[in-house]
Amino acid sequence: MTPIAIFVLFALVAEFVLHRVADWLNVESLSPTIPPAFEGMIDPEAFAKSQAYTRVRTRFVQVPALLSLVTTLGFWFAGGFQWLDEVVRGFGWEPTATGLAYIGLLFAASTLLSLPFSVYSTFVIEERFGFNRTTPKTFVADALKGLVLAAVIGGTLLVLVMYFFERFGNNAWWIAWVAVSAVLLLLQVVAPVWILPIFNKFQPLAEGELRDKLLAYAKRVGFGLDDVFVVDGSRRSAKANAFFTGIGKRKRVALYDTLLEKHTPDELVAVVAHEIGHYKRGHIVRGFLLSIAQLGVIFFCLGLAVRSPALFEAFGVEQPSIYVGLILFSLLWAPLSLALSFGMTAFSRRNEFEADRFARETLGGGEVLARALEKLSVDSLSNLTPHPFYVKLHYSHPPLAARLAALRA
């Protein structure tokens with residue numbers, strides 16, 4: 001094996017082991033009794049159910065993770081990358097179409113492998129714990145819509161990237177970076193209006209006390225908000241959520257209808273205050289710029305990798321090409337992406353604390369938001385005692401205990 005092959009093999013196995021160790025530590029940290037910090041917030045039956053939910057979901061993810069590793073290594077060592085390249089070249093198409101066929105077939109195979117696990121997760125695990133409201137019809141429709149969007153948006157980006165790398169040589173990485181960044185910025189504008197409504201209905205919040213309070217609060221903190229939207233999240237899950245999306249005049253604050261069912265107007269104002277806090281503290285812009293910077297690093301490294309015969313040699317590919325290079329680079333980049341994810345999740349958790357603090361300061365206290373977070377955690381069966389290492393690896397939000405302590409400090 002070449003040095004690159006040894007590095008990728010070690011990295012893929014190490015990443016798998018790292019996640020399994022994190023899972024094991026997280027399950028081991030589950031408490032048989034309610035921690036003092038949560039006494040009075042959750043009853044013993046609900047607490048036991050949340051612990052069971054964590055155990056079941058943790059056991060479940062082991063299977064697709066192992067299957068993914070085994071199929072990736074098996075395809076690699078069986079010469080699959082070279083074999084598939086010979087197949088698509090045999091079609092006699094021009095390079096761009098050949099590349100789309102190569103990547104599309106791998107994407108289709110990956111989707112088919114993951115489909116049974118998605119079905120089991122939705123209709124068995126989520127059903128068992130009372131969350132699932134997705135019908136088979138909705139599930140199939142969502143899957144088909146997702147595939148169409150992936151083909152349209154992902155296919156367009158692939159065509160651009162392959163064209164630039166074929167056409168511009170050593171300058172291709174920064175030209176592709178600029179072009180893809182422009183597309184991502186455009187998506188920030190159009191997604192709230194044209195893409196998200198493909199999956200969910202966004203209805204303006206009805207006239208009444210809640211709408212008046214939300215608009216009054218937004219006006220008081222200087223946040224331009226024409227309306228608040230209600231999302232029909234109950235079509236798919238009993239879990240509640242709220243989010244901020246879009247930029248400029250396209251920005252939206254959206255509340256799931258399941259959130260409206262279980263929270264008081266004051267708690268909902270606190271939830272929206274947290275979402276507005278992300279905007280007012282610059283998290284949306286900083287997060288986007290950070291993503292663009294990371295994308296620049298990826299394209300720079302991609303530019304080096306696809307020009308290196310050693311990368312193709314490591315995976316047994318005889319004839320270098322941009323489209324095969326994109327797939328091989330994704331395997332090479334995976335361990336580096338994992339290392340970067342520690343910093344990204346830490347950045348996200350810090351932003352969540354800042355948004356909580358904004359809500360506390362503008363509402364004159366943090367108790368109302370704290371109560372809302374408690375309800376959200378109990379209703380979604382969140383793990384109240386996650387292991388610190390698991391948090392660092394996976395959590396984009398701080399654990400509930402840390403957030404409550406900060407809000408009530």
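When reading the values below, keep in mind they use all heavy atoms of this one structure, side chains included, and skip hydrogens, waters and symmetry mates.
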Engineer: Checking the side chain of Ser121 only, and the main-chain atoms of Phe117 only, is there a donor and an acceptor separated by less than 3.5 Å?
Structural biologist: no

Engineer: Just by modelled atom types, is the Lys201 backbone N or O under 3.5 Å from a matching donor or acceptor in the Asp232 side chain?
Structural biologist: yes

Engineer: Whether Lys280 and Glu361 form a salt bridge (side-chain N of Lys/Arg under 4.0 Å from carboxylate O of Asp/Glu) is what I want to check.
Structural biologist: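 No, no charged N to carboxylate O under 4.0 Å.
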
Engineer: Scan for salt bridge (Lys or Arg N to Asp or Glu O under 4.0 Å) pairs involving residues 329-338, sequence neighbours excluded, and state none if there are none.
Structural biologist: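 Qualifying pairs, neighbours excluded: none.
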
Engineer: With the side chain counted from C-beta on, respond yes when Leu376 and Leu259 share a heavy-atom pair under 4.5 Å apart, and no when they do not.
Structural biologist: yes

Engineer: Verify the neighbour count for atom CD of Glu45: are there more than 12 heavy atoms of other residues, nucleotides or ligands below 6.0 Å?
Structural biologist: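 No, not enclosed.
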
Engineer: Out of curiosity, Leu326 CG to Tyr323 OH, how far, rounded to the nearest 0.5 Å?
Structural biologist: 11.0 Å

Engineer: Return each pair, listed once, that meets ring pair (Phe, Tyr, Trp, His ring centres under 6.0 Å) where at least one residue sits in residues 254-273; pairs must be two or more places apart or across chains.
Structural biologist: none

Engineer: Is the closest basic N to carboxylate O distance between Asp257 and Arg235 below 4.0 Å?
Structural biologist: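 Result for this pair is no, no salt bridge flagged.
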
Engineer: For Ser118 and Ser114, indicate whether the former's side chain and the latter's backbone hold a donor-acceptor pair under 3.5 Å.
Structural biologist: no

Engineer: Check the side chains of Asp85 and Gln319 for a donor-acceptor pair under 3.5 angstrom, ignoring hydrogens and angles.
Structural biologist: no

Engineer: Go through the steps to decide whether Tyr163 and Phe168 satisfy the test side chain to side chain contact (heavy atoms under 4.5 Å, CB included), and finish with yes or no.
Structural biologist: CA-CA 8 Å; Tyr163 171 78; Phe168 295 105; 4.1 Å; yes

Engineer: For the ring-ring contact (aromatic ring centres under 6.0 Å, His included) test, which of Phe358, Tyr217, Tyr279 pairs with Phe223?
Structural biologist: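 Answer after filtering Phe358, Tyr217, Tyr279: Tyr279.
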
Engineer: Is it the case that Arg20 places NZ or CZ above or below the six-membered ring of Phe16, under 6.0 angstrom from the centre and within 45 degrees of the axis?
Structural biologist: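 Yes, Arg20 and Phe16 form such a contact.
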
Engineer: Is the closest side-chain heavy-atom distance between Phe139 and Phe123 below 4.5 Å?
Structural biologist: yes

Engineer: CG of Leu338 to NE2 of His19: how many Å apart, nearest 0.5 Å?
Structural biologist: 5.5 Å

Engineer: Whether the side chain of Ser330 engages the backbone of Ile327 through a donor-acceptor N/O pair (distance < 3.5 Å, no angle test) should be reported.
Structural biologist: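 Flag set: sc Ser330 to bb Ile327 pair under 3.5 Å.
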
Engineer: May I ask you to test the Phe229-Leu205 pair for a side-chain heavy-atom distance under 4.5 Å?
Structural biologist: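 Sidechains of Leu205 and Phe229: no contact.
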
Engineer: side-chain hydrogen bond (donor to acceptor under 3.5 Å, both in side chains), that's the test. Do His278 and Glu352 meet it? Break it down for me.
Structural biologist: CA-CA 8 Å; His278 282 303; Glu352 294 301 322; 3.2 Å; yes

Engineer: Is the count of non-hydrogen atoms from other residues, nucleotides or ligands lying under 6.0 Å from Phe389 atom CZ greater than 12?
Structural biologist: yes

Engineer: Output the distance between atom OG1 (Thr111) and atom CG (Leu115), rounded to the nearest 0.5 Å.
Structural biologist: 8.5 Å

Engineer: Looking at Val152, is its backbone amide N or carbonyl O close enough to the side chain of Thr156 to form a donor-acceptor pair, meaning the two atoms are under 3.5 Å apart?
Structural biologist: yes

Engineer: Rounded to the nearest 0.5 Å, how far does OG of Ser321 lie from CE of Met162?
Structural biologist: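 OG of Ser321 is found 9.5 Å from CE of Met162.
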
Engineer: Between the side chain of Ser348 and the main-chain N/O of Met344, is any donor-acceptor distance below 3.5 Å?
Structural biologist: no

Engineer: Is the side chain of Arg220 donor-acceptor paired with the backbone N or O of Thr362 at a distance under 3.5 Å, no angle test?
Structural biologist: yes

Engineer: With side chain to side chain contact (heavy atoms under 4.5 Å, CB included) as the criterion, how do Val231 and Leu196 come out once you've worked through the C-alpha distance, each side chain's angles and the decisive distance to 0.1 Å?
Structural biologist: CA-CA 10 Å; Val231 183; Leu196 295 181; over 6 Å; no

Engineer: Nearest 0.5 Å please: distance from the CG atom of Leu332 over to the CG atom of Leu12.
Structural biologist: 9.5 Å

Engineer: Side chain to side chain contact (heavy atoms under 4.5 Å, CB included) between Val180 and Leu160: does it pass, once the steps are laid out?
Structural biologist: CA-CA 8 Å; Val180 173; Leu160 286 175; 5.6 Å; no

Engineer: If you look only at pairs with a residue in residues 166-194, which of them pass as a salt bridge (Lys or Arg N to Asp or Glu O under 4.0 Å), with sequence neighbours excluded?
Structural biologist: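 Counting only pairs at least two positions apart or across chains, no salt bridge (Lys or Arg N to Asp or Glu O under 4.0 Å) contact touches residues 166-194.
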
Engineer: Please list all pairs passing the ring pair (Phe, Tyr, Trp, His ring centres under 6.0 Å) test where one or both residues lie in residues 58-81, with sequence neighbours left out.
Structural biologist: Phe60-Tyr120, Phe75-Phe81, Trp76-Phe315, Phe81-Phe315

Engineer: Counting neighbours of CH2 on Trp333 that are heavy atoms of other residues, nucleotides or ligands and sit closer than 6.0 Å, is the number greater than 12?
Structural biologist: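 Enclosed.
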
Engineer: Scan for salt bridge (Lys or Arg N to Asp or Glu O under 4.0 Å) pairs involving residues 379-401, sequence neighbours excluded, and state none if there are none.
Structural biologist: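 Output for this query is empty, none listed.
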
Engineer: Taking Gln82 for the side chain and Glu318 for the main chain, is one N or O donor matched with an acceptor at less than 3.5 Å?
Structural biologist: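 Such a contact is found between Gln82 side chain and Glu318 backbone.
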
Engineer: Determine whether a donor-acceptor pair (N or O, by modelled atom type, separation under 3.5 Å) exists between the side chain of Asn26 and the backbone of Pro386.
Structural biologist: no

Engineer: According to the salt bridge (Lys or Arg N to Asp or Glu O under 4.0 Å) rule, which pairs have a member within residues 126-152, sequence neighbours left out?
Structural biologist: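 Non-adjacent pairs meeting salt bridge (Lys or Arg N to Asp or Glu O under 4.0 Å): Arg57-Glu126, Glu126-Lys239, Asp142-Arg236.
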
Engineer: With distance as the sole test, does Trp177 use its side chain to make a donor-acceptor pair with the main-chain N or O of Ala293 at under 3.5 Å?
Structural biologist: no

Engineer: Hey, could you give me the CD1/OG1 distance between Ile103 and Thr98, rounded to the nearest 0.5 Å?
Structural biologist: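 Atom-to-atom, Ile103:CD1 and Thr98:OG1 are 11.0 Å apart.
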
Engineer: Using the salt bridge (charged side-chain N to carboxylate O under 4.0 Å, His left out) definition, which of the options Arg286, Arg281, Arg349 pairs with Glu354?
Structural biologist: Arg286

